[in-house]
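Here is the structure we will look at.
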Amino acid sequence: MTEIRCILTVVCMLAGLFFMAVSVVGVRRFPDFFSRLHAIGLGQSLGIGFCCFGLFIYQGPDITGIKILLVLFMSMLAGPIGTHIVDRVAFREGLKREEREREGSDGSCL
């Protein structure tokens, strides 16, 4: 039973690190602020969610495990709210979405 718990913990932690790494790539590759904010918001929520769930599996359902679940719940609540607040402030301050058009091989816009 302990080996299964360790394997699930490692899988969840690796999934969390994967989503965090993908969000960093998204921040580097996306063209404008709003797309970058979307990438970092999703990556942060999924990454912390999987990491906390992996830690809970490893710890078990004792008082420390319940505290880890509380951290998971609070981060799932606070992360998207914070991202939404930053998004609305940027939009209200007049930050516009970057309009980039790519041209196809025939000269038309895709």
Side-chain angles (χ1 to χ4, degrees):
M1 185 65 179
T2 308
E3 291 179 17
I4 294 173
R5 180 184 285 181
C6 289
I7 291 171
L8 286 175
T9 299
V10 169
V11 167
C12 286
M13 296 293 282
L14 287 176
L17 291 174
F18 170 76
F19 283 115
M20 288 183 195
V22 168
S23 71
V24 170
V25 171
V27 167
R28 294 286 302 155
R29 301 265 325 214
F30 284 144
D32 63 342
F33 175 77
F34 297 110
S35 298
R36 291 176 181 166
L37 191 65
H38 179 71
I40 201 69
L42 286 177
Q44 176 247 345
S45 294
L46 287 171
I48 290 176
F50 274 111
C51 287
C52 284
F53 190 67
L55 289 174
F56 173 74
I57 290 172
Y58 183 75
Q59 186 62 37
D62 60 353
I63 189 68
T64 306
I66 293 172
K67 289 178 185 178
I68 291 171
L69 284 181
L70 184 63
V71 167
L72 172 64
F73 174 73
M74 294 304 288
S75 69
M76 288 295 160
L77 187 67
I81 292 172
T83 304
H84 181 72
I85 290 171
V86 170
D87 187 29
R88 284 189 60 120
V89 167
F91 184 74
R92 286 187 179 178
E93 290 296 319
L95 185 64
K96 299 292 182 194
R97 186 170 183 271
E98 183 178 314
E99 296 293 331
R100 289 196 320 181
E101 295 181 7
R102 298 184 306 186
E103 292 186 12
S105 59
D106 59 352
S108 64
C109 293
L110 295 176

>> Are the side chains of Val22 and Phe18 in contact, using a 4.5 Å heavy-atom criterion?
In response: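 The answer is yes; the side chains approach within 4.5 Å.
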
| Side chains of Met20 and Cys51: does their closest heavy-atom pair fall under 4.5 Å? |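 With C-beta onward as the side chain, the pair touches.
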
Who clusters with [X]? Use side-chain heavy atoms, under 4.5 angstrom, across I, L, V, M, F, W and Y, and order the result by chain and number.
X     : value
Phe91 : Val27, Phe33, Phe34, Leu37, Ile40, Val86, Leu95
Leu14 : Val10
Ile7  : Val11

For [X] against [Y], the heavy-atom pair lying closest together:
X     : Y     : result
Gly54 : Cys12 : CA-CB, 3.6 Å
Cys6  : Tyr58 : SG-CE1, 4.4 Å
Phe30 : Ser35 : CD1-O, 3.5 Å
Leu72 : Gly49 : CD1-CA, 3.3 Å

Checklist line | Residue pairs involving residues 36-55 (criterion ring-ring contact (aromatic ring centres under 6.0 Å, His included); sequence neighbours excluded) | finding: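 The answer is Phe19-Phe50.
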
Can you name the residues that form a side chain to side chain contact (heavy atoms under 4.5 Å, CB included) with Arg28, not counting sequence neighbours?
->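 Side chain to side chain contact (heavy atoms under 4.5 Å, CB included) list for Arg28, sorted by chain: empty.
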
Item to check | Partners passing salt bridge (charged side-chain N to carboxylate O under 4.0 Å, His left out) against Asp87 (at least two apart in sequence or in another chain) | outcome: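 Result, salt bridge (charged side-chain N to carboxylate O under 4.0 Å, His left out) vs Asp87: none returned.
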
Look up atom [atom1] in [X] and atom [atom2] in [Y], then write down how far apart they are to the nearest 0.5 Å.
X     : Y     : atom1 : atom2 : result
Ile68 : Ile57 : CD1   : CD1   : 10.5 Å
Met76 : Gln44 : CE    : CD    : 7.5 Å
Leu8  : Met13 : CG    : CE    : 13.0 Å

Going by the salt bridge (charged side-chain N to carboxylate O under 4.0 Å, His left out) test, which pairs reach into [range], not counting sequence neighbours?
range          : value
residues 32-57 : Asp32-Arg97
residues 70-84 : none
residues 44-73 : none

Problem set entry | side-chain hydrogen bond (donor to acceptor under 3.5 Å, both in side chains) pairs, two or more places apart, involving residues 16-27 |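 Listed by first then second residue: nothing to list.
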
*asked:* Quick check on the hydrophobic clustering: are Leu77 and Ile85 connected, directly or via other members, by side-chain heavy-atom contacts under 4.5 Å?
replied: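 Leu77 and Ile85: one cluster.
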
